S.K.: 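One structure coming up, written as structure tokens, with questions to follow.
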Protein chains: 2
Amino acid sequence: MSKPAFLPHDHNHQRCIDAALAEARAICQRKHSRLTPQREQVLRLIWQEHRPIGAYELLDKLREEGLKAAPPTVYRALEFLQENGLIHRIESLNAYTGCSHPSEPHASQFLVCQQCQRVAELGSEQIAEQLSEQARRAGFASAHQTVEIRGTCAECLRHFHV
Amino acid sequence: MSKPAFLPHDHNHQRCIDAALAEARAICQRKHSRLTPQREQVLRLIWQEHRPIGAYELLDKLREEGLKAAPPTVYRALEFLQENGLIHRIESLNAYTGCSHPSEPHASQFLVCQQCQRVAELGSEQIAEQLSEQARRAGFASAHQTVEIRGTCAECLRHFHV
DNA sequence: AAATAATCGAAACATTATAACATTTCTTTC
DNA sequence: GAAAGAAATGTTATAATGTTTCGATTATTT
């Protein structure tokens with residue numbers, strides 16, 4: 001995978017959304033996973049935000065779009081999207097964000113900006129390896145890593161002199 | 001700091017508890033932080049478990065010990081203990097665990113066993129450094145790292161052949 | 001002792017997540 | 001294309017986690 005990237009605040013985000021949805025459709029078709037209209041709608045709503053979005057925020061947006069949805073509706077969609085690698089859950093925020101390169105399995109470490117709330121994936125296999133290795137030295141067999149770094153992104157550093 | 005350690009399942013845990021409480025009292029005295037009876041009680045209850053414990057579990061235990069406690073009682077104590085580096089919050093479990101070496105500030109990565117629910121601290125400055133460095137290359141200023149590895153500890157690997 | 005700050009009590013409320021079970025829709029098989 | 005089975009969705013209720021607010025109490029300082 002490529003380098004981590006916080007896109008400029010003013011980039012054309014519609015392109016991100018369109019690309020993400022197209023990629024998701026392709027992936028699900030390949031895997032015979034059923035990206036139903038509802039699931040795609042949730043994925044689109046997630047991508048429409050620039051920042052991780054909570055389950056109940058999603059629920060509100062679904063309702064704004066006319067769907068008669070209850071919490072399980074959202075959580076089921078989120079579960080499907082996670083299982084298919086299309087979104088990530090940010091544990092430290094209880095929120096969900098679109099995966100920026102869902103086509104290949106990858107290590108995922110997250111940079112979470114405290115100013116603008118945006119998230120970027122680091123995706124360093126090296127770090128993932130090293131974590132697994134250090135764990136192994138303690139006799140521990142790693143199954144899944146949660147790596148989230150809070151801080152300030154480059155753009156916010158410039159703007160706010162934090 | 002020293003090597004990460006899952007102690008044997010059958011170690012004398014009372015010693016861990018006593019040592020942790022003694023160290024906590026010393027630290028708080030040094031810092032003029034007020035380790036009140038309630039706060040110490042919460043810390044003890046956390047150490048009495050071998051695994052991370054949730055806020056509401058703690059609440060139940062406080063009540064079992066005769067305290068008339070409400071959620072804020074617990075959360076305030078947890079906040080104090082965290083601020084003073086005496087406990088850690090495990091984000092992926094929404095639960096709290098005693099810090100195994102509170103006297104010195106340290107990097108903290110956690111190994112979380114899915115079988116026995118116990119947690120060990122990795123404490124690798126090297127990994128912490130590397131994460132900060134990778135973030136910095138993306139122009140990102142790190143403030144806090146959450147690193148949690150789910151998997152199976154050595155003892156559970158032997159016992160359960162997972 | 002009075003003033004100030006820190007801690008605690010209590011009630012209400014807010015947020016996040018799941019359980020249980022009925023119904024509908026899609027897919028497969030005949 | 002009809003029946004059977006599997007997957008997805010609807011619905012209601014509830015569990016689990018976390019916060020706000022405000023008043024009372026206790027500790028510390030002056």
Side-chain angles (χ1 to χ4, degrees), chain A residues 24-25 28-29 31-46 49 51-63 65-84 86-97 112 117 146 148, chain B residues 24-25 28-46 49 51-63 65-84 86-97 117 146 148:
Chain A
R25 281 188 287 261
C28 287
Q29 196 151 32
K31 303 205 296 188
H32 303 290
S33 281
R34 283 157 57 180
L35 186 62
T36 62
Q38 270 194 24
R39 289 164 172 175
E40 185 172 328
Q41 186 179 10
V42 170
L43 182 59
R44 175 173 52 74
L45 289 171
I46 289 173
E49 292 295 305
R51 17 176 227 90
I53 184 172
Y56 280 73
E57 268 186 281
L58 277 171
L59 183 55
D60 290 342
K61 288 184 186 296
L62 282 175
R63 285 170 171 166
E65 295 193 352
L67 210 79
K68 267 181 40 181
T73 307
V74 174
Y75 282 102
R76 283 165 183 159
L78 290 172
E79 187 183 2
F80 171 88
L81 295 171
Q82 277 189 274
E83 279 170 356
N84 287 277
L86 301 172
I87 63 171
H88 296 291
R89 173 179 163 88
I90 306 298
E91 295 290 341
S92 55
L93 298 178
N94 295 338
Y96 304 83
T97 193
V112 183
Q117 326 301 329
T146 299
E148 300 171 9
Chain B
R25 281 188 286 261
C28 286
Q29 196 152 31
R30 211 162 44 236
K31 303 204 297 188
H32 303 291
S33 280
R34 284 154 59 177
L35 186 62
T36 62
Q38 271 195 25
R39 289 165 174 174
E40 185 172 329
Q41 186 178 10
V42 169
L43 182 60
R44 175 174 50 75
L45 289 171
I46 289 173
E49 291 297 303
R51 15 174 229 91
I53 183 172
Y56 280 74
E57 267 185 280
L58 277 172
L59 183 55
D60 290 343
K61 288 185 186 295
L62 282 176
R63 285 170 171 165
E65 295 193 352
L67 209 79
K68 270 181 36 183
T73 307
V74 175
Y75 282 103
R76 284 167 184 157
L78 291 172
E79 188 183 0
F80 171 89
L81 295 170
Q82 277 189 275
E83 280 170 355
N84 287 277
L86 302 172
I87 63 171
H88 295 291
R89 173 179 161 89
I90 306 298
E91 295 289 342
S92 55
L93 297 177
N94 295 338
Y96 304 82
T97 192
Q117 326 302 327
T146 299
E148 299 171 10

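We use all heavy atoms of the structure for the numbers below, so side chains are in, but hydrogens, waters and symmetry mates are not. The structure presented is a predicted model; accordingly, all values stated were derived computationally and were not measured. Within every chain, numbering begins at 1; the chains are lettered A, B, ... in the order of the sequence lines, protein sequences first and strands thereafter.
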S.K.: The helix from C/dA1-D/dT30 to C/dC30-D/dG1: angle between its terminal axes, five pairs each, to 10°?
M.R.: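 One end's axis against the other's: 30°.
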S.K.: Is any NZ, NE, NH1 or NH2 atom of the basic residue among B/Glu65 and B/Arg44 found under 4.0 Å from an Asp or Glu carboxylate oxygen of the other?
M.R.: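 B/Arg44 and B/Glu65: salt-bridged.
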S.K.: Can you tell me if A/Gln82 has over 12 outside heavy atoms packed within less than 6.0 Å of its CD?
M.R.: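 Check passes, neighbour count above 12.
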S.K.: Are side-chain heavy atoms of B/Thr97 and B/Ile87 found at a separation under 4.5 Å?
M.R.: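 Side-chain contact under 4.5 Å: no.
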S.K.: At their closest point, which heavy atom of A/Asn84 faces which heavy atom of A/Phe80, and how far apart are they?
M.R.: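 Heavy atoms of A/Asn84 and A/Phe80 come nearest at ND2-O, 2.8 Å.
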S.K.: Could you tell me which non-hydrogen atom of A/Pro52 sits nearest to which non-hydrogen atom of A/Ile90, and how far apart they are?
M.R.: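 The answer is CG-CG1, 4.2 Å.
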S.K.: State which residues pass side chain to side chain donor-acceptor pair (under 3.5 Å) with A/Glu91; sequence neighbours excluded, sorted by chain then number.
M.R.: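 Only A/Arg89 meet the side chain to side chain donor-acceptor pair (under 3.5 Å) criterion with A/Glu91.
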S.K.: Please tabulate the protein-to-nucleotide N/O contacts below 3.5 Å involving nucleotides 14-16 of chain C, giving atom names and distances.
M.R.:
none

S.K.: Short question: side chain of B/Glu148, backbone of A/Thr146 - any donor-acceptor pair under 3.5 Å?
M.R.: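 Not a single qualifying donor-acceptor pair exists.
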S.K.: Which atom names give the shortest non-hydrogen contact between B/Leu86 and B/Leu43, and what distance separates them?
M.R.: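 Between these two residues, the closest heavy atoms are O-CD1, 4.1 Å.
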S.K.: Would you call B/Arg34-B/Glu40 a salt bridge at under 4.0 Å N-O?
M.R.: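 Looking at B/Arg34 and B/Glu40, the cut-off is not met.
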S.K.: Checking B/Thr73 now: which residues fulfil side chain to side chain donor-acceptor pair (under 3.5 Å) with it, not counting sequence neighbours?
M.R.: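 Expected list: none.
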S.K.: I'd like to check A/Lys61 versus A/Glu49 (side-chain heavy atoms, cut-off strictly below 4.5 Å). Are they in contact?
M.R.: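 Of all side-chain heavy-atom pairs linking A/Glu49 with A/Lys61, at least one is under 4.5 Å.
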S.K.: So which protein N/O to nucleotides 4-9 of chain C N/O distances come out below 3.5 Å?
M.R.:
from, atom 1, to, atom 2, distance (Å)
C/dT7, OP1, B/Arg39, NH1, 3.0
C/dT7, O5', B/Arg39, NH2, 3.4
C/dC8, OP1, B/Thr36, OG1, 2.8
C/dC8, O3', B/Gln38, NE2, 3.4
C/dG9, OP1, B/Gln38, NE2, 3.4
C/dG9, OP2, B/Gln38, NE2, 2.8
C/dG9, N7, B/Arg76, NH1, 2.9
C/dG9, O6, B/Arg76, NH2, 2.5

S.K.: Does the side chain of A/Leu45 reach to within under 4.5 Å of the side chain of A/Ile53, using non-hydrogen atoms?
M.R.: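 Heavy-atom side-chain distance check fails, nothing below 4.5 Å.
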S.K.: Please list, in 5' to 3' order, the outermost nucleotides of DNA chain D lying under 4.0 Å from any heavy atom of chain B.
M.R.: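 Nucleotide range with atoms under 4.0 Å of chain B: D/dT17 to D/dT28.
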